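Heavy-atom basis, side chains included; hydrogens, waters and symmetry copies ignored. Just so you know, these numbers come straight off a predicted model, no measurement behind them.
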Amino acid sequence: MSSARSRRKRDPEIVIARDTDSELSSSEEEEEEEDNYPFSESEEEDEAVKNGGKIELEKNKAKGKAPITVKLIKKVCKVCKQPGHEAGFKGATYIDCPMKPCFLCKMPGHTTMSCPHRVVTDHGILPTSHRNTKNPIDFVFKRQLQPRIPPIKPKYVIPDQVHCAVIRYHSRRVTCLEFHPTKNNILLSGDKKGQIGVWDFGKVYEKNVYGNIHSVQVNNMRFSPTNDDMVYSASSDGTIGYTDLETGTSSTLLNLNPDGWQGANSWKMLYGMDINSEKGVVLAADNFGFLHMIDHRTNNSTGEPILIHKQGSKVCGLDCNPVQPELLLSCGNDHFARIWDMRKLQPKASLHDLAHKRVVNSAYFSPSSGTKILTTCQDNRIRIWDSIFGNLDLPSREIVHSNDFNRHLTPFKAEWDPKDTSESLIVIGRYISENYNGTALHPIDFIDASNGQLVAEVMDPNITTITPVNKLHPRDDVLASGSSRSLFIWRPQDKTEMVEEKKDKKIIICYGDSKKKGKKQKRGSDDEDDEDDIFSSKGKNIKVNKYQAKTTKKTKT
DNA sequence: AAAATATGCCACC
DNA sequence: TGGTGGCCCTATTT
C-alpha cells in the first residue's frame, strides 16, 4: 500500500480507480546508469575487435606462468552487425547505428541524435519553390475564399493533460478513433482484432465493446449523417459494417470476400472510408486499388468498383471535401495522393496526382474551407498544399517528422484540428522518443502547418508506448489518443484544474488483460469484474519531474 | 530477465 | 509481377 501512496505523492492528480493490485514495486529503478557501454578502452578488447572478436588470448606462456585465457564475445551492432559500435537504448536515449541514414530525416552523414531536424523548434521545414500565382482559379480563391479565413491565428488551446483513460481497454492495439457527431463525450474506437468500443469518457466507467462486427482490424469508422446511432465501419475482413450503437445489431453492407479465404493473394481488405452525404454514398477503398460505393439510402452498392490507385496496391485513405461535394481525395501505397472529381470517377482520370516518396498513410482536405491538403507519408514527412487551386506540382511545405512505418504500429496520420478556423493546427504522434529526465517518452506533436512550427509536444510519464492514433474533438478542447491497447482523453491543463477543484481528479481505470478476458468472452460488454492491472508494465512508477507541454525542452544527454 | 511471438506488409530483387 | 526477406526507437507474454 505504501507504494500506492508514494505513487500518488509523485503524481498527485492521478487517482487509480479500483486499485486492487498492491504489489507495485516501489520505484527505485532509474538513474542507475550502469556504465557498461561497450566502448571498452582495454587493449585486449581492441585487439579482439581487430581480430574479429571471439578470440582467446594466451599470454605469458613463454614466461612459464599459467596461461590466461580471455574469452571475448564479439560485440557487434545489432543493426548493421559490424563491430566497433552498438545501437540501441542507453538509458532513455537511443543510440543510432552510424552506418544507417538518420532515422528521422533519412539523410546520410549524421545520426538522429545530431539531426538538424531533431532539435530545432520548427521541426525542419523544407521550403519548396515559389508558387505560381498566375492561375486564374487561384485568383478567384484569393478574392472570394481567402477573406473568410481569419488572417490572425487564434491562440492555440492545447489539450496537454491526461484527463481520463481506459488502460488496456481493447485486447489488441487501437487502430482508429471517431468522436460522436452530437454527443460530446462519446468516443468510438476500433482495434486490430475487429472490435469496436464505445466509451462515454464523461462518465468514464461507461463503455461497451462490440466484438461481433468484424473479424479483423477496423480501419475506419464514420457515423451516419442521417442517424446518430448508426456507424459504418471498414475492416480488413473486407466488409463494411453498419451498426446500431444502441442495440448492437449490425448488418454487412459490403462483403468483398463472399467466398471466404481463398489465399492471401485474393483476400480483399477495406481501408479508407468516407461518406459523401450530398451524393448519398458511402465510399470505401480496398487493398487492390479499387474504390467501392454504396448507396447510403438503399445500402446497396452502386456500380462497379473503380481502379483509383495502382492495380494491386492498397488505398490507405479517402476523404471527401467538406465544401465541394464533387471533390474526393485518396491516397495509397503507390506513393500518390490523388484528387478526383466525383462526376468523373474512372481509372487515370484524377484531377491531380500528388507525388510522394513513400506510402501515403493519409490525405485530408482542410476541415473548414476544404482548400488545403495535409498528407502523412512514410518517408517521415508531413506535406501541406496551401491551396488546391494553386500549382499542385509541389507541396507548399514539407515538415520532417518521425512517423515511420512499423509493422507493429498503426500507421501515423496527421490530423487537422477541426476547430481551428485558420486551418493550421495539426496533431500527430511521434515515433522516436526523447529522453525526458531519464525516461524515454514518445510525445504527441502539435504542429502549425502554416509554418512548420512545433507548437506543443504533449506526453504523460505513464504513457511509455507510442501513440500513433490521435483525433481532436470537433467542438471541445479535447484530444483523444489511442496508444497500444489504451485510450486517453486529454484536456487543457488550466481547464482540467478548474474541473478538479469542483469535482474529483483525473481517473485512470484499468482493466484486465486479454487473456483473462478470454474466459468470459461471451458477455462482451462489461468486464468490470476482471482484476485490475494498474499500469502493469514499466510505465507505472516512472519518476518524471514536472513537465510543461507548451514549452517543453528536451533534456539532452 | 532474455527470448519468443504475434504478425502485416513494404521494399526490393 | 510475384515471391521473399527484413523487421533500422513494438508490445506483451513466457
Side-chain angles (χ1 to χ4, degrees), chain A residues 25 29 34 76-82 85-108 111-113 115 118 167-168 170-175 191-193 216-217 219 235-237 263-267 269 271 287-289 310-316 332-335 356-361 377-380 401-412 429-436 439-443 459 463-469 482-486 512-518 533 535-539 554 557:
Chain A
S25 59
E29 329 112 347
E34 14 167 332
V76 296
C77 169
K78 68 173 183 183
V79 175
C80 70
K81 316 279 191 266
Q82 298 297 306
H85 64 273
E86 267 195 319
F89 274 103
K90 189 200 175 194
T93 304
Y94 190 87
I95 311 295
D96 267 344
C97 169
M99 310 303 275
K100 290 278 180 177
C102 170
F103 191 70
L104 174 54
C105 75
K106 308 301 178 194
M107 304 302 276
T111 60
T112 314
M113 283 293 283
C115 177
R118 178 139 184 176
I167 307 301
R168 299 185 179 196
H170 285 273
S171 53
R172 288 282 180 273
R173 67 172 203 246
V174 173
T175 51
D191 73 20
K192 193 85 181 30
K193 208 180 177 187
V216 282
Q217 76 196 57
N219 292 312
S235 162
S236 289
D237 63 12
N265 292 341
S266 61
W267 183 259
M269 313 191 227
Y271 284 85
N287 58 329
F288 287 93
K310 183 180 168 189
Q311 180 129 26
S313 75
K314 180 167 95 182
V315 182
C316 302
N333 269 21
D334 62 357
H335 302 185
H356 292 69
K357 297 233 167 61
R358 285 275 187 266
V359 171
V360 189
N361 289 342
C377 181
Q378 290 183 10
D379 68 352
N380 266 3
H401 182 266
S402 176
N403 44 251
D404 285 52
F405 164 80
N406 180 314
R407 66 173 163 159
H408 304 288
L409 297 176
T410 305
F412 291 87
R430 196 192 302 175
Y431 193 154
I432 52 175
S433 60
E434 299 287 349
N435 184 346
Y436 291 96
T439 308
L441 296 177
H442 309 266
M459 77 292 292
I463 309 175
T464 55
T465 47
I466 294 171
T467 308
V469 192
S483 190
S484 187
R485 293 153 53 184
S486 304
D513 59 27
S514 54
K515 221 178 52 190
K516 286 174 192 161
K517 209 175 282 178
D533 188 1
F535 284 127
S536 70
S537 49
K538 294 115 196 151
K554 300 132 201 171
T557 35

Checklist entry - For A:H408 and C:dA11, are the ring centres under 5.5 Å apart with planes inclined under 30°? => result no
Checklist entry - Are any of A:K192's side-chain N or O atoms less than 4.0 Å away from OP1 or OP2 of B:dT7? => result no
Next on the checklist: Less than 4.0 angstrom between a side-chain N/O of A:S484 and OP1 or OP2 of C:dT10, yes or no?
Outcome noted: no
Next on the checklist: Within this structure, what is the CD1-OG distance for the pair A:I432 and A:S402, rounded to the nearest 0.5 Å?
Outcome noted: 4.0 Å
Next on the checklist: Tell me the interatomic distance from A:K193, atom NZ, to C:dT12, atom C1', rounded to whole angstroms.
Outcome noted: 14 Å
Checklist entry - Reckon A:Y94 has a side-chain N or O less than 4.0 Å from the OP1 or OP2 of C:dT10? => result no
Next on the checklist: Starting the side chain at C-beta, find the nucleotide from C:dC9, B:dA11, C:dT12 nearest to A:Y431.
Outcome noted: C:dC9
Checklist entry - Atom CG of A:D191 and atom P of C:dT12: how far apart are they, to the nearest Å? => result 13 Å
Checklist entry - Given B:dC10, B:dC9, C:dT12, which nucleotide is nearest the side-chain atoms of A:N333? => result B:dC10
Checklist entry - Which listed nucleotide (C:dT13, B:dC9, C:dC9) is nearest to the side chain of A:R485? => result C:dT13
Checklist entry - When the nearest nucleotide of DNA chain C is assigned to A:D96 and to A:K310 on a heavy-atom basis, which residue is associated with the more 5' position? => result A:K310
Item to check | Sugar-phosphate only, base, or nothing, as touched by A:S236 at under 4.0 Å among non-hydrogen atoms | outcome: nothing
Checklist outcome for this item: Separation of C:dT1 atom P from A:F288 atom CZ, nearest Å, is 13 Å
Checklist outcome for this item: Among the nucleotides B:dC9, C:dC7, C:dT13, whichever has the atom closest to the side chain of A:R168 is C:dT13
Checklist entry - Expressed in whole Å, how much space separates the P atoms belonging to C:dT14 and B:dT7? => result 14 Å
Checklist entry - What residues, two or more places apart in sequence or in another chain, satisfy side-chain contact (heavy atoms from CB on, under 4.5 Å) together with A:S483? => result A:I463, A:T465, A:T467, A:F488
Checklist entry - Considering only B:dC9, C:dA11, C:dC9, which nucleotide approaches the side chain of A:K314 most closely? => result B:dC9
Checklist entry - What does A:F412 touch in the nucleic acid at a heavy-atom separation under 4.0 angstrom: a base, only the sugar-phosphate, or nothing? => result nothing
Checklist entry - Whole Å only: how far is the CG atom of A:N265 from the P atom of B:dG8? => result 14 Å
Item to check | Separation of atom CZ in A:R172 from atom P in B:dG8, rounded to whole Å | outcome: 11 Å
Item to check | Between P of B:dT7 and CE of A:M269, the distance in whole Å | outcome: 14 Å
Item to check | Atom-pair distance (CD1 on A:I466; P on C:dC8), nearest Å | outcome: 13 Å
Checklist entry - Could one point to a donor on the side chain of A:R407 or the base of C:dC7 with an acceptor on the other under 3.5 Å away? => result yes
Checklist entry - Taking the side chain of A:L409 as heavy atoms from C-beta outward, which of C:dC9, C:dT10, B:dC9 is closest to it? => result C:dT10
Checklist entry - Can a cation-pi geometry be assigned to A:K106 and A:F103, taking NZ or CZ under 6.0 Å from the six-membered ring centre and within 45° of the ring axis? => result yes
Item to check | side-chain N/O A:H442 vs C:dT10 OP1/OP2, d < 4.0 Å | outcome: no
Next on the checklist: Rounding to an integer number of angstrom, what distance separates B:dA3 and C:dC7 when you compare their C1' atoms?
Outcome noted: 16 Å
Next on the checklist: Without decimals, in angstroms, what is the distance between A:M459 CE and C:dC9 C1'?
Outcome noted: 16 Å
Checklist entry - Are A:M113 and A:T93 side-chain neighbours, meaning at least one heavy-atom pair lies under 4.5 Å? => result yes
Item to check | Close side-chain approach of A:N380 and A:Y431, heavy atoms under 4.5 Å | outcome: no
Item to check | Side-chain N,O (A:R358) to OP1/OP2 (B:dA11) below 4.0 Å | outcome: yes
Item to check | Cation-aromatic face contact A:K314/A:Y271, 6.0 Å, 45 degrees | outcome: yes
